[in-house]
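Every heavy atom of this structure was used, including side-chain atoms; hydrogens, water molecules and symmetry mates were not. This chain uses plain numbering: 1 for the first residue, then up along the sequence.
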Amino acid sequence: MTGIYAFNEVIDQIASLTRDRLQLFEQLQIIVPVQTPDGPRYQALDIRRITLLCELTDDFEVNEDALVIITSLLDQLHGANARLERILNAVNAEPSETKRRLAEIIANG
């Protein structure tokens with residue numbers, strides 16, 4: 001899946017998704033489509049997230065409050081991973097001696 005999708009295209013992509021369910025996810029602000037002149041559009045990442053939300057509610061009977069908490073935690077984890085990747089890239093750009101010293105500091109924590 002690539003590109004962007006309209007509301008009905010998203011519903012067609014995910015078997016257990018209904019109009020009401022997608023609207024609920026939007027009301028809970030756990031899915032936030034991009035607003036375009038042609039209406040709301042969803043990215044491939046949104047489709048994966050919606051699929052996960054449907055699985056959580058169908059398979060594990062996760063309620064709305066828990067969905068909000070779970071998505072918040074997933075967003076925080078994603079943000080932390082992105083920051084960690086930027087730090088690792090910055091460290092890798094440093095000279096060998098600097099990398100060695102940082103490795104020692106991290107190992108001795």
Enclosure of [X] [atom1] (heavy-atom neighbours >12, cutoff 6.0 Å):
X    : atom1 : result
E97  : CD    : yes
Q29  : CD    : no
E104 : CD    : yes

Query raised in the report: Just wondering, do R49 and D75 contact through their side chains at under 4.5 Å, heavy atoms?
Result: yes

Query raised in the report: Side chains of V10 and I50: closer than 4.5 Å at any heavy-atom pair?
Result: yes

Query raised in the report: Looking at I30, L56, D65, which one forms a side chain to side chain contact (heavy atoms under 4.5 Å, CB included) with I70?
Result: L56

Query - Set of side chain to side chain contact (heavy atoms under 4.5 Å, CB included) partners for L73, sequence neighbours left out - result: I69, Q76

Which atom of [X] lies closest to which atom of [Y], heavy atoms considered:
X   : Y   : answer
Q13 : Y5  : NE2-CE2, 3.8 Å
E9  : I4  : OE1-O, 4.2 Å
K99 : E94 : CE-O, 3.2 Å

State yes or no: do [X] and [Y] share one hydrophobic cluster built from I, L, V, M, F, W and Y residues joined by side-chain heavy-atom distances below 4.5 Å, directly or via other members?
X   : Y    : answer
L53 : V32  : no
L74 : I14  : yes
L45 : L52  : no
L84 : I105 : no

Query raised in the report: Has the side chain of T71 got a donor or acceptor atom that lies under 3.5 Å from a matching backbone atom of L67?
Result: yes

Without placing hydrogens or testing angles, list every side-chain donor-acceptor pair under 3.5 Å for residues 17-26, not counting sequence neighbours.
from: T18; atom 1: OG1; to: R21; atom 2: N; distance (Å): 3.0
from: R19; atom 1: NH1; to: N8; atom 2: OD1; distance (Å): 2.6
from: R21; atom 1: NH1; to: S16; atom 2: O; distance (Å): 3.0
from: R21; atom 1: NH1; to: D58; atom 2: OD1; distance (Å): 3.4
from: R21; atom 1: NH1; to: D58; atom 2: OD2; distance (Å): 3.3
from: R21; atom 1: NH2; to: T57; atom 2: OG1; distance (Å): 3.0
from: R21; atom 1: NH2; to: D58; atom 2: OD1; distance (Å): 2.5
from: E26; atom 1: OE2; to: Y42; atom 2: OH; distance (Å): 2.2

